[in-house]
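These numbers come from the heavy atoms of this one structure, side chains and all, not from hydrogens, waters or symmetry mates. If you read the sequence from its start, that first residue is 1, and numbering goes on from there.
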Amino acid sequence: MASVTKSNSSYTGEDIEVLEGLEPVRRRPSMYIGGVDSRGLHHLLWEIVDNSVDEFLAGECDRITVTLHKDGSSCSVQDNGRGIPVDKHPKMKKSTLEVILTTLHAGGKFSDKNYARSGGLHGVGSSVVNALSSEMIATVHRDGFEWCQTFRRGKPKAPVEKVKPFRGRGTTIFFRPDEEIFRRTIFNAETIRQHLEDISFIHGGLTLVFHDEQRKETIELHHPDGIVAYIEKVTKDTGKKPAHEQLFAVMKDDKDAKVEVVLRWTDSTEENIRSYVNGIRTHAGGTHENGFKAGVVKAVRNYMDVHDYKPRGVTITSDDIREGIVCILSVFIGDPMFQGQTKERLNNPETAAAVDGVVRPALENWLNNNPSLADVILGRMVLAARARQASREAVSEVRRKTVGGRKTNLPGKLVDCQAKDALHSELFIVEGDSAGGTAVMGRKAATQAVLPLRGKILNTEALSMSKIMDSNEIRDIVETLGAGVGNSFDVNQLRYARIILLMDADSDGYHISTLLLTFFFRHMPELIRQGKLFIAQPPLYRIEVGKEVHYARHDAEKEELLASLPANRTATVLRFKGLGEMNAAQLRDTTLDPRARVLLRVNIESQLEADATFHQLLGKDASERYRIIMEDASFADDLDL
């Protein structure tokens with residue numbers, strides 16, 4: 001029986017901390033914005049933009065301007081809405097503006113008095129941004145005057161000030177994320193532009209302006225055709241050929257919910273659904289997506305039953321029906337229940353039935369009214385079913401080899417770990433036999449396995465499963481993971497808790513990583529969705545300063561380290577030509593040891609954008625790569641060739 005070690009310290013009321021104001025946000029920022037990485041940084045901006053969009057949904061605003069300032073680490077959001085109230089709050093006895101920006105769960109969206117449908121529900125968005133900013137300036141135009149208040153790390157510098165008479169109305173929020181909180185505070189202009197463009201399609205009557213002071217560019221985004229124009233753009237961006245030109249579109253608005261759907265089938269092997277709730281992108285889906293998927297499958301099955309459509313030799317599954325779908329789903333509801341403050345998933349149970357009830361009858365009628373088009377779509381589903389069947393047959397040999405335990409029929413070059421429990425083991429997929437040998441000597445044999453790869457990996461983009469499984473390297477990976485591949489992949493059968501790509505820190509290493517990511521994205525996407533795929537970050541430089549030894553993963557880190565040295569210190573810099581040039585102790589201390597290493601978790605933030613990127617970079621159409629090279633060549637310097 002396991003023993004419990006007792007703490008020698010006392011536990012009294014003095015040990016209980018009470019965090020006041022916005023201090024909880026600064027102590028645990030990830031609870032509110034999902035993390036302090038680039039995604040969390042941009043989430044600050046989305047929170048402020050969402051507040052302005054809520055003014056549009058209330059019918060009080062039609063123009064929002066977002067400015068990325070010249071320093072790249074501060075933004076402003078301006079709208080022509082009603083302006084945040086500045087009068088004294090009856091309960092808090094201070095300006096309502098100050099209450100909203102410094103108090104969690106303070107806002108005007110808890111009832112439908114001012115906002116019938118909004119994205120800001122918890123009353124924490126703008127106050128969280130304030131808490132995590134080294135500086136925030138709120139400028140309000142209302143009641144015939146301009147009002148202004150400045151904050152530092154969530155605390156007001158002074159009460160709200162009446163600045164001057166002003167005839168217009170609206171709110172402008174300037175903020176600078178706090179470098180004490182975030183790893184890096186530089187915003188990505190392209191990420192902002194894409195996010196604003198999404199919003200402009202979902203809210204057809206809204207005009208969004210993005211002003212990039214760094215590039216001295218101003219872009220105005222306005223799409224009155226809404227999601228119909230959006231799906232045309234998404235289809236074009238993915239590079240997938242539509243199976244039919246005519247779109248299916250339906251919209252229903254009643255007192256409980258407004259549901260908008262537009263979809264088409266393409267020649268893609270993936271289903272791509274972009275879903276929104278009250279204008280907010282729900283990356284992780286939720287009940288509205290579940291309702292949509294159920295409605296599509298029911299409509300197609302009903303059509304097949306009515307017309308006695310029974311293809312010979314195959315069974316059409318729900319996956320076959322939805323394969324190749326590109327869909328924009330937008331739902332507006334009065335009281336959305338999001339999963340967490342980042343609002344990436346909708347949990348309202350009633351929304352599934354609402355969306356199903358809109359999609360199913362409308363799609364069934366559309367198919368009945370367009371029989372020739374329905375034949376094309378059903379033919380596409382039969383092809384998907386046959387391809388799925390062929391895929392199962394192609395991987396059946398691999399599945400057989402991995403049945404029967406951890407040590408059965410594993411690749412000969414795999415150096416497995418001793419642990420039998422997958423929860424406590426990890427696999428390093430290493431570039432080359434030399435680096436593989438070094439990794440084997442430096443690893444922790446109890447929990448770390450090593451699979452060396454020889455040469456470049458097969459480019460699996462647009463290849464059939466049978467051709468993919470002809471590759472020895474790919475087959476070794478599949479057999480080692482032990483969870484199958486393609487539609488037969490089962491993450492619960494995975495032999496390791498983490499799969500870590502360990503490649504040289506140069507262009508060849510990046511190329512091999514990209515080829516492996518292509519394979520995992522296309523044929524084991526659940527491995528990525530479950531957060532089990534990582535990229536190791538080995539050092540590129542070894543820097544000796546006297547008896548001290550430092551490592552740098554890239555040029556910027558090297559230059560930063562050298563710049564921090566006193567003028568009288570001399571540094572010797574060694575550039576590693578590859579992992580094989582490092583000895584086992586160096587590789588262990590910098591890259592293998594969980595206490596010291598840096599791993600990048602691979603995430604799929606946007607299925608459609610990732611699909612388009614792999615298609616452009618690794619697809620058969622070389623003209624796409626040529627276009628990207630010509631357009632972006634000016635941004636590349638110091639190439640590692």
Side-chain angles (χ1 to χ4, degrees), residues 21-22 44-45 47-70 74-116 118-120 123-177 203 205-211 213 218 220:
L22 298 177
L44 298 185
L45 180 57
E47 287 284 0
I48 301 299
V49 171
D50 287 347
N51 286 337
S52 295
V53 171
D54 287 342
E55 281 291 287
F56 166 76
L57 293 176
E60 300 289 348
C61 160
D62 63 4
R63 189 177 184 88
I64 300 170
T65 300
V66 177
T67 301
L68 174 60
H69 294 292
K70 198 170 184 179
S74 61
C75 293
S76 294
V77 180
Q78 178 184 12
D79 66 53
N80 61 350
R82 290 167 288 187
I84 300 175
V86 294
D87 55 324
K88 183 176 290 188
H89 191 274
K91 180 180 178 181
M92 306 300 289
K93 306 302 181 185
K94 54 186 175 183
S95 163
T96 303
L97 174 65
E98 183 176 328
V99 171
I100 289 173
L101 295 180
T102 61
T103 309
L104 292 175
H105 309 296
K109 302 167 188 175
F110 294 107
S111 69
D112 59 2
K113 180 179 178 182
N114 293 295
Y115 298 90
S118 68
V124 302
S126 54
S127 58
V128 164
V129 178
N130 193 10
L132 300 179
S133 298
S134 59
E135 179 185 18
M136 175 183 276
I137 302 173
T139 304
V140 177
H141 297 138
R142 64 175 291 153
D143 306 328
F145 290 93
E146 177 177 291
W147 311 79
C148 187
Q149 190 167 18
T150 301
F151 304 83
R152 294 283 188 273
R153 293 185 171 89
K155 297 180 180 179
K157 288 190 66 178
V160 64
E161 176 187 2
K162 183 191 286 187
V163 180
K164 61 183 179 182
F166 197 93
R167 294 184 61 182
R169 70 173 197 168
T171 301
T172 301
I173 299 291
F174 166 89
F175 70 97
R176 186 187 308 280
H203 304 291
L206 177 63
T207 297
L208 290 115
V209 179
F210 176 42
H211 182 46
E213 291 184 348
T218 299
E220 184 168 304

Output the distance between atom [atom1] ([X]) and atom [atom2] ([Y]), rounded to the nearest 0.5 Å.
X	Y	atom1	atom2	answer
Thr171	Gln78	OG1	CD	9.5 Å
Leu206	Glu55	CG	CD	11.5 Å
Glu213	Thr218	CD	OG1	9.0 Å
Ile48	Cys75	CD1	SG	10.5 Å
Asp79	Thr172	CG	OG1	7.0 Å
Leu132	Glu47	CG	CD	10.5 Å

Exercise answer: donor-acceptor pairs, residues 154-163 side-chain atoms, under 3.5 Å, sequence neighbours excluded:
none

Under the salt bridge (charged side-chain N to carboxylate O under 4.0 Å, His left out) rule, collect the residues that match up with Lys70, sequence neighbours excluded.
-> none

Considering only heavy atoms from C-beta outward, does the side chain of Leu44 approach that of Phe175 to under 4.5 Å?
-> yes

Cys61 versus Phe56, closest heavy-atom pair with distance | O-CD1, 3.1 Å

If you take all heavy atoms of Ile64 and Val53, which pair is closest and at what distance?
-> CD1-N, 3.7 Å

When you look at Thr102 and Phe151, which way does the side-chain contact (heavy atoms from CB on, under 4.5 Å) test go after all the steps?
-> CA-CA 9 Å; Thr102 61; Phe151 304 83; 3.6 Å; yes

Go through the steps to decide whether Leu104 and Leu22 satisfy the test side-chain contact (heavy atoms from CB on, under 4.5 Å), and finish with yes or no.
-> CA-CA 7 Å; Leu104 292 175; Leu22 298 177; 4.0 Å; yes

Under the 3.5 angstrom rule, does the side chain of Arg169 hit a backbone N or O of Gly81 as a donor-acceptor pair?
-> yes

Are the side chain of Ser74 and the backbone of His69 linked by a donor-acceptor contact shorter than 3.5 Å?
-> no

Out of Asp50, Leu68, Val66, which residue meets the side-chain contact (heavy atoms from CB on, under 4.5 Å) rule with Leu45?
-> Val66

Any side-chain donor paired with an acceptor under 3.5 Å for His89 and Thr96?
-> no

Verdict with reasoning, Ser127 to Ile100, per side-chain contact (heavy atoms from CB on, under 4.5 Å) | CA-CA 7 Å; Ser127 58; Ile100 289 173; over 6 Å; no

Tell me which donor-acceptor pairs under 3.5 Å the side chains of residues 134-145 have, and how far apart each pair is, sequence neighbours excluded?
unit_1 : atom_1 : unit_2 : atom_2 : d
Ser134 : OG     : Arg176 : O      : 3.3
His141 : NE2    : Glu146 : OE1    : 2.8
Arg142 : NH1    : Gly83  : O      : 2.7

